[in-house]
Each structure stands twice: as structure tokens, then as C-alpha cells.
Amino acid sequence: MEQPLTHDGTDDGTDGTDSTLATAELTLQYPDGESPAVEEVSLAVDAGQLTALVGPNGSGKSTLLKGLSAQLSPETGRAILDGRALASYDDTTLARRLGILHQEPDGPDALTVAELVSHGRYPYRGFLDQLSDADRAAVERALSLTGTAALRDRALADLSGGQRRLAWLAMVLAQDTDVLLLDEPTTFLDLHHQLTVMQVVRELRDTDGVAIVAVLHDIEQAARYADEMVVLSAGCVVARGPPAEVVTPELLARVFGVEATVDTDAQGVRVRPLRPLAQHSGERR
């Protein structure tokens, strides 16, 4: 991966493959919010690690990603990339280090897939610069990883929902960052596209050493792929650790309001939901 630059345009000497993204007692609140959406969350995601954020709707998962990407400034605490507060990075430097796939990205339908993916190279180019050899190589790799090379000349308007999602993922991958944030990357996708996305995530983690934080709704999917699971409820962390330790019938009942059985096999944790529990309102720390 390409070396990041400091504010004065010089090499900051940080090896991207060793990047760590962390928070220290991070509290986040929206300007019009009456109370914090995320409270005093501390976590660390190292290179080559996938951390899955899980929790009920409205538990603060997507808000936490906004704090981790400097899109929402902390009320208290800090978000830290390689020992530096995110707020200390200029926009271009941060975009070379950290990429984010939003929950519902939007762009001009007339763009082709290749044009969209090439926009991922914006941190490395001037406004009127043509694509360099390095840019083209990054675009081709992103298309290859996501299986969208055959769609390169198709307009976004002509794609299925799953194909569009993969095209947007390819654009983020073309940034060639060493930290990746994914907000519900598999939601609304069919099983084939879900597995494609998660295989890409696994390759980036295992081959490229990317530090990845992903919001996932499917508990079993999160448990299968993640190195660590962080469970949020009402903006607070209520459980964290390896999936086999975190995913228990007690936690599923207490946090998600479902009765379920949990087993472990060669594929990892297996969850079998049985029924919803009445009068469940979630848990706050």
C-alpha cells in the first residue's frame, strides 16, 4: 500500500500494514440529539483483524463508524489512528489511510462501474490529473477482487442491487487503504453476493493485513468471519471478545430479545433462533 503523507506533504514514516484504529472512551452525540448516541466506547482494531459491530437496531453501530471515520466529532474521548487523533489528519491524508463503505451510498446512475471505481483514487490525484499506472492497477485489482470486471462498462442504473453494492465496494477498495470501515456491507444482498463480499473482506484481512471494522446484522455471519465481536446496546458496549465467547443464548436473550440455541462446529458458531421474547427493550450498561 502507498505511504501516507503528513500535513506538510512528506512521508510520515508509518507502515500502513501495521495500522491500528482505536477509540479511548469515545462519546458521540448528534447536534440535535438529547442524549449521546454512543457512550464511552474504547476499542482497538489491529492490522489483519476483523472486528464486527453487532447489536439491535438503534444501538449505535453506524454512529460509532462515523466517529471512527471522523465524520462525527467526539463529545468526549478520542478516535485514534496509529497513535494520532483522527482530527489531526487532513482530509487527503486520512482518505489515503482509511476507507468507508456507507450503508446507502449514492451516485449518478449514468456512471459506469469503471468510472465509479476510478473515483476511489481521488486522494492520490489532482483535480484534472489523468489516471496514473498506479491508479489503473488499483482500479483493476478492485474490480478483480469484487468480481465486477465484467461489469466495467455497465452503467450503475443497469445493475441489480447486489451488483451496485459490489461496485461501491470496489470503489472503496481502489483507495488502497490500510483501514476499512464497512456499514452493513451484506444487508439486502442475496446469499451469493453476501458470500462474495465476505470473501473479499477475508482476503483483505488475511492477505493485505487490512484492519477492518464491519457493522453486520447477521449474528452467525459475524461470528463466522470476525476475530472479535463488539456488542452494542443503547450506545454502550455490553460484550466483546472472540465470537465463541461472546455469542451465547444468554446474550441473545438479554440484548436481542430472542430465544436461541448456540452450537459450535467446524464452520464456527451456529445460531438457531427459536422465538422472540416478549417485553424486550434492550439493555443499557
Side-chain angles (χ1 to χ4, degrees), residues 19-29 36-72 74-82 86 98-103 178-187 197-198 201-202 204-205 209-258 260 262 264 268-269 271 282-285:
S19 286
T20 297
L21 181 67
T23 63
E25 298 184 347
L26 185 69
T27 295
L28 301 167
Q29 183 169 342
V38 168
E39 287 193 72
E40 297 182 353
V41 171
S42 297
L43 56 82
V45 185
D46 294 326
Q49 178 181 337
L50 169 58
T51 294
L53 304 181
V54 300
N57 291 338
S59 59
K61 303 181 297 296
S62 294
T63 301
L64 181 53
L65 278 196
K66 291 180 180 178
L68 288 170
S69 59
Q71 295 179 330
L72 185 60
E75 287 290 303
T76 60
R78 293 194 303 164
I80 306 159
L81 176 60
D82 293 333
L86 284 184
L98 184 152
I100 180 167
L101 176 67
H102 293 284
Q103 190 175 134
D178 37 65
V179 178
L180 188 60
L181 308 179
L182 306 172
D183 195 356
E184 299 187 21
T186 60
T187 300
V197 168
M198 294 312 298
V201 170
R202 175 179 281 171
L204 291 170
R205 177 194 66 183
V210 176
I212 303 170
V213 182
V215 172
L216 296 170
H217 268 300
D218 187 322
I219 301 299
E220 189 171 293
Q221 185 179 79
R224 177 180 177 186
Y225 288 95
D227 301 295
E228 179 180 54
M229 294 179 68
V230 175
V231 184
L232 293 165
S233 182
C236 298
V237 174
V238 296
R240 68 171 52 173
E245 297 178 9
V246 168
V247 183
T248 65
E250 293 76 17
L251 177 124
L252 294 173
R254 177 165 47 93
V255 177
F256 293 91
V258 297
V262 178
T264 303
V269 176
V271 177
E283 175 183 283
R284 191 174 186 83
R285 184 181 58 189

task: Using the side chain to side chain contact (heavy atoms under 4.5 Å, CB included) rule, take Leu43 and Thr51 through it: C-alpha gap first, then chi angles, then the decisive distance, then the call.
output: CA-CA 10 Å; Leu43 56 82; Thr51 294; 5.6 Å; no
task: Please step through side-chain hydrogen bond (donor to acceptor under 3.5 Å, both in side chains) for the pair Thr27 and Gln29, ending with a clear verdict.
output: CA-CA 7 Å; Thr27 295; Gln29 183 169 342; over 6 Å; no
- prompt: Can you find a pair of side-chain heavy atoms, one from Leu81 and one from Val179, that are under 4.5 Å apart?
  reply: yes
field: Flag, side chain of Glu220 to backbone of Val271, donor-acceptor distance under 3.5 Å
entry: yes
statement: What one should report as the nearest heavy-atom pair of Leu26 and Ala79 is CD1-N, 4.0 Å
- request: Write down the atom of Ser233, the atom of Val238, and the distance for their closest heavy-atom approach.
  value: CB-CG1, 4.1 Å
- request: Give the minimum heavy-atom separation between Pro74 and Gly77, together with the two atoms involved.
  value: CB-O, 3.6 Å
- prompt: Of all heavy-atom pairs between Leu86 and Gly67, which one has the smallest distance, and what is that distance?
  reply: CD1-O, 3.6 Å
message: By the definition side-chain contact (heavy atoms from CB on, under 4.5 Å), identify the one residue from Leu98, Val213, Leu21, Leu64 that meets it with Ser69.
response: Leu98
- prompt: So do His217 and Asn57 actually touch side chain to side chain, heavy atoms under 4.5 Å?
  reply: yes
field: Donor-acceptor under 3.5 Å (Thr20 side chain, Asp46 main chain)
entry: no
Distance in Å, Leu204 CG paired with Arg202 CZ, rounded so as to fall on 0.5 Å steps: 12.5 Å
message: Consider side-chain contact (heavy atoms from CB on, under 4.5 Å). Of Val201, Leu216, Val215, which one does Leu182 pass it with?
response: Val201
Heavy-atom closest pair, residues Ala222 and Ala52: CB-CB, 3.9 Å
field: Lys61 (side chain) donor-acceptor with Ala214 (main chain) under 3.5 angstrom
entry: no
- prompt: Does the side chain of Val45 come within less than 4.5 Å of Leu68's, by heavy atoms?
  reply: no
Whether Asp178 side chain and Val210 backbone form a donor-acceptor pair below 3.5 Å: no
Indicate every side-chain donor-acceptor pair of residues 224-232 with a distance under 3.5 Å to a residue at least two apart or in another chain.
from: Asp227; atom 1: OD2; to: Leu50; atom 2: N; distance (Å): 2.7
from: Asp227; atom 1: OD2; to: Arg205; atom 2: NH1; distance (Å): 3.4

message: I need the Arg240 CZ to Ser42 OG distance, nearest 0.5 Å.
response: 7.0 Å
task: Kindly say whether Val41 contributes a backbone atom to a donor-acceptor pair with the side chain of Thr23 at under 3.5 angstrom?
output: yes
message: Is it true that, when you exclude Gln103 itself, more than 12 heavy atoms of the residues, nucleotides or ligands shown sit nearer than 6.0 Å to its CD?
response: yes
message: Please give me the minimum heavy-atom distance between Leu28 and Glu75, naming the atom from each residue.
response: C-CG, 4.4 Å
